[in-house]
Amino acid sequence: MGDDEGIKAKLSEVTDRKNGASGIPRQIARMIRTLGVSPRAIGIGSIGPIDITKGMIGDTPNFPFKNIPVVEPLKDEFHVPVALMNDCSAAVIGEHTYGVGKGIDNLFYVTMSTGLGGGAIVDGHPLGGKDGNAPEIGHIVIDPNSELVCGCGCRGHWEAYSSGPNIPRYAELLLRGVDLKGSLLGELMGGDPAKLTSEILFHAAKQGDHAASLVVDSVGKINSVGFADIVNVFDPELITVGGSIALNNSNAILKPINDLIGDYLINRKPRIVITPLGADVVLYGGLALASKLARDFI
Ligand SMILES: [Zn+2]
């Protein structure tokens, strides 16, 4: 990191869902002005899918509108170069530039949060794909006959088992017919399955609750399959893991992956660690993108 590089200020806001697609770049521009800085370049790590040639965020699940233009409106507003990247692709570049991935040319980043996503650097090259959405690892198929349907509409995707909002749905499936009366999990849920959250499950498992442990173990096994798929396809030296589910439950997430991954591997097992950049890993990615643009622009 150069002397002038690093995160100097942060501002977060809930995404504007009221003013249509064009409200998003207006919100970003207003936030940049609020910080009182004149940007030399802008790097964006965004939810996907994105369309990198059009500089847009595409048809993203759980969002009220699609085709959100970001690159052109910000270029017009600030007259500086603007780069858009899928958030996990930005994160792996952040890890490579500022984190534990420095000097590692085969690096993978996994986020485990509301969704599951990945970013890859292979032989020193960040992987983009035709629209900028490689590698969408959350949508690896675990079981084509699964009862669990992913937010994207497909059956049996990894994300349908292991993302924050989906772990409780997987738990419902696993605990069907199980009497939770008198258990810690039953008590924390207040007898209402709709009140079950990932947070409650991980907490109860940590306290030794039998049913919650069954769920956390099953999620761990699915995750070890997903991580093995990553290693078998991309052959990374290091995988760093972030996102709120992993950051808040680091041992419960990493231990089963490290214990079980060998059962599914053909390639040599890489190191798998929590990202030291924490919740800022995508932000560091945006910074790395902007720094490169600013250097190239001068
Ligand atoms: Zn999916």
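Side chains are part of it too, since the values below use all heavy atoms of this structure and drop only hydrogens, waters and symmetry mates. All ligand and atom numbering here is 1-based and tracks the order in the structure.
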Residues forming a salt bridge (charged side-chain N to carboxylate O under 4.0 Å, His left out) with E136, sequence neighbours excluded: none

Polar protein atoms near the Zn ion (ligand 1) [N, O or S; cut-off under 2.8 Å]: H139 ND1, C150 SG, C152 SG, H157 ND1

Donor on one side chain, acceptor on other, S89 and D87, under 3.5 Å: no

Contacts of Y264 that satisfy ring-ring contact (aromatic ring centres under 6.0 Å, His included) - sequence neighbours left out: none

Pairs involving residues 180-203, ordered by first then second residue, that meet side-chain hydrogen bond (donor to acceptor under 3.5 Å, both in side chains) (sequence neighbours left out): none

Donor-acceptor side-chain pairing of D229 and W158 below 3.5 angstrom: no

No-hydrogen, no-angle side-chain donor-acceptor test under 3.5 Å, T15 and Q27: no

